[in-house]
Amino acid sequence: GIADIGVTGMGVMGSNLARNLARNGYKVAVHNRTPQRTGAMIAEHGSEGQFFPSGPIEDFVRSLSTPRVAIIMVQAGAATDAVIEQLATHMDTGDIIVDCGNAQYEDTRRREAALRERGLHFVGAGVSGGEEGALLGPSIMPGGTKESYDRLGPMFEAIAAKAPDGTPCCTHVGPDGAGHFVKMVHNGIEYADMQLIAEAYDLMSRVLGMSAPEIGEVFAQWNDGELGSYLIEITAEVLRHTDARTGKPFVDIVLDQAAQKGTGAWTVQTAAGLGVPTTGIAEATFARSLSGSVAQREAAQGVLPAHTTPGADGVNEDDRAAAIEDIRLALYSSKMIAYSQGFELIRTASDEYGWDIDLGAMARIWREGCIIRARFLDRITEAYERNPQLPLLIADEYFAGEISKSVAAWRRVVAKAVGAGIPVPAFASSLSYYDGVRSPRLSAALIQAQRDFFGAHTYRRVDVDGVYHTNWSGDRREERQDG
Ligand code: NDP
C-alpha cells in the first residue's frame, strides 16, 4: 500500500480528521462500514488532497504503507471493539491501530494489552475541539508505546492546533490508557469551567439585576484579562445573542436542563476510586444532574418556595462595579481550584499506572484547539517548570499569590449568594476545599475517633508513634495495635 495513514469511520469527526491529514500533505486511506458514506465524503471533499477510498476493510488495510497506521473514529464501546477486531485480523506485527473516539481509559488499557499480545500497537488518543477542531486543528492526547509515537507523532503534530509560539498541541502523553485518561480529565475540567461561568452569570443576573446582553459585555471584558479563554469568549457571544422568534435574549428562552454525555461522571467516578478530591468537577456534574431532576424540582417548588432575591434595587453604579470585580475574582479562584484538582487527579493516576506524565506538557497541549483553551494554561506550565514535583498546583508561588489576592472577594461572593438563596455549588465547594487543604488541623480527627468507637478501625496519635484502639465498650483503656 502507499497511503501514509488511514481513517475508518466517516462520521463528522472521522471525515474531518481525514481531510485535515490530507490538507497537510498526507496520503489518506478512507473507509466506512457503509460504503456510500465514504463515497459521499470523496464526492464532496476528494479534491482537497490525496485520498484512497476502499470498500472492504481488507482493501483499506492493504492500501496502507507499512508499518500501517489506521485511525478508528466510530462510537465508543462495542463498535470500537468490532472495528479493532476487523483491522487486527488483516494487520501484521508492528502495525498501529489508533482509537480517536472518546473511549474509557480502562477499555483502552484492556485493548492495548490484548493487541500487544498479538504484536500490534494500540494507541488510545484523546481528541478535543469538536468538529471544527478535527478539521482545522484539534488538541490531541495520544497514549500507547513510545515506538508507536515515533511513527504517528509527526503526523498528529502536523494536524494539531498550534499554540501562539508555534508549538503543536500534541505530545506523547504516556503508555496505554494515559491519553484517554488525560482527555477524560480535560472534559471534567470543561464541566467545572462551564459551571463556574454559569454561577457568575447567575449572580450578575439575579443579585445585580443585569440583563443578558449587559452580562455578555462583562464577559467580553473579562476575556481580555487573566480569564481570557474560549469558554469565556463564547459565553459573551451567547449572552449577546437575541432569539429571532421572540426578540428576547437567547439564553432566556433556553430550557434550564443541562444534558451530559458522561465524561464528567467518569471523571468523578475515577476520582472517587483513586481518592482524589475533585470537588469542582463533581459539583459541576451534579449541578447538571440537579437541573435535569425535573420531578424533584417540581416537587420542591410547591413546598419550598424560592428565596426572594434582592434584585438590582438600591445597587448603585460603584457598588455594582465592585460586586462584578468580586465575582470575577471568585470565578478566577474557583477555576484555579478546579484545575489544581484536575492536575492532582492526573498525577495520582500517573503514579498508580506508571505513566510518568509530564503535567506541564498537558497544560501546554491544551493551549489551543480544545474547549478549555485559555491564557491561564501558560501559568500552569510555568508552575510545573519551576517544580515538576509540585504536589499541589495552588501551592505554586504564582497561584498562591493570586488566590491570596482574591480570597476576601471570593468569601464575599459566596456569603452574598448564600444570603440571597442563589445556588453556587462550585464557588462554595471550591472555597471549602481551599479552606480545607490549607487548614493546619481538620475535623477528620473526630471522624477517626468515631470510626474507632463503632468499628475498632484504630487511630494514630499526634504525640507518639503507633496504631491504637480504645476499648470503648469496656474499660476505655487504650491499647497499641502494632507490635
Ligand atoms: P458519528 O455518529 O457522526 O459517526 C459514527 C461512525 O461510526 C459512522 O462512520 C458509523 O458507520 C460508525 N459505526 C458505528 N457503529 C459501527 C460499527 N459497529 N462498526 C463499524 N462502524 C460503526 O460520530 P462522530 O464522528 O460524531 O464521533 C465519532 C467518535 O468521536 C465518538 O467516539 C465520539 O465520542 C468521538 N468524538 C466526538 C467529538 C464530537 O465533537 N462529535 C469530539 C471528540 C470525539 P456507518 O456510517 O456505517 O453507520
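Both ligands and their constituent atoms are indexed starting at 1 by order of listing.
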With atom 8 (C) of ligand 1 as the reference point, say which of E132, R37, R33 has the nearest heavy atom. R37

Taking atom types as modelled, is there a side-chain donor on S148 or T145 under 3.5 Å from an acceptor on the other? yes

Need the ligand 1 atom indices (1-based, order shown) with element for anything under 4.0 Å from a heavy-atom of V127. 43 (C)

Distance to 0.1 Å, residue and atom name: give those for the protein heavy atom nearest to atom 9 (O) of ligand 1. N32 OD1, 2.6 Å

At their closest point, which heavy atom of H186 faces which heavy atom of I371, and how far apart are they? NE2-N, 3.8 Å

Is the ring centre of Y384 less than 6.0 Å from the ring centre of F343? yes

Nearest to atom 47 (O) of ligand 1 by heavy atom, V12, T34, L17: which? T34

Would you tell me which option among M41, M13, Q75, H31 has the nearest heavy-atom contact to atom 14 (C) of ligand 1? Q75

By number and element, which atoms of ligand 1 are closer than 4.0 Å to a non-hydrogen atom of A76? 32 (O)

Are the aromatic rings of Y353 and Y105 close, with centres under 6.0 Å apart? yes

Step by step, work out the salt bridge (charged side-chain N to carboxylate O under 4.0 Å, His left out) result for R364 and E385. CA-CA 11 Å; R364 210 178 301 125; E385 277 167 4; 3.6 Å; yes

Hey, could you give me each pair passing salt bridge (Lys or Arg N to Asp or Glu O under 4.0 Å) that has a residue in residues 157-171? Not counting sequence neighbours. D165-R367

Which one of G11, A103, G77, A79 has a non-hydrogen atom at the shortest distance from atom 3 (O) of ligand 1? G11

Among protein heavy atoms, which sits nearest to atom 20 (C) of ligand 1, and what does the distance come to when rounded to 0.1 Å? V83 CG2, 3.4 Å

Does the Lys NZ or Arg CZ of K335 fall within the cation-pi geometry relative to F376 - under 6.0 Å from the ring centre and within 45° of the axis? yes

Measure up the W410 and Y434 rings against each other and bin them: parallel (under 30°), tilted (30 to 60°), perpendicular (over 60°). tilted

Protein heavy-atom partner closest to atom 30 (O) of ligand 1 - residue, atom, separation in Å: M73 SD, 3.3 Å

Assess, by modelled atom type and distance only, whether the side chains of S54 and H31 contain a donor and an acceptor separated by less than 3.5 Å. no

Tell me whether N102 has any N or O atom under 3.5 angstrom from an N or O of ligand 1. yes

Could you identify the single nearest non-hydrogen protein atom to atom 40 (O) of ligand 1 and state the distance to 0.1 Å? G130 CA, 3.4 Å

Return yes when G9 approaches ligand 1 closer than 4.0 angstrom through a heavy atom, no otherwise. yes

Considering only protein heavy atoms, which is closest to atom 29 (C) of ligand 1, and at what distance to one decimal place? V74 O, 3.4 Å

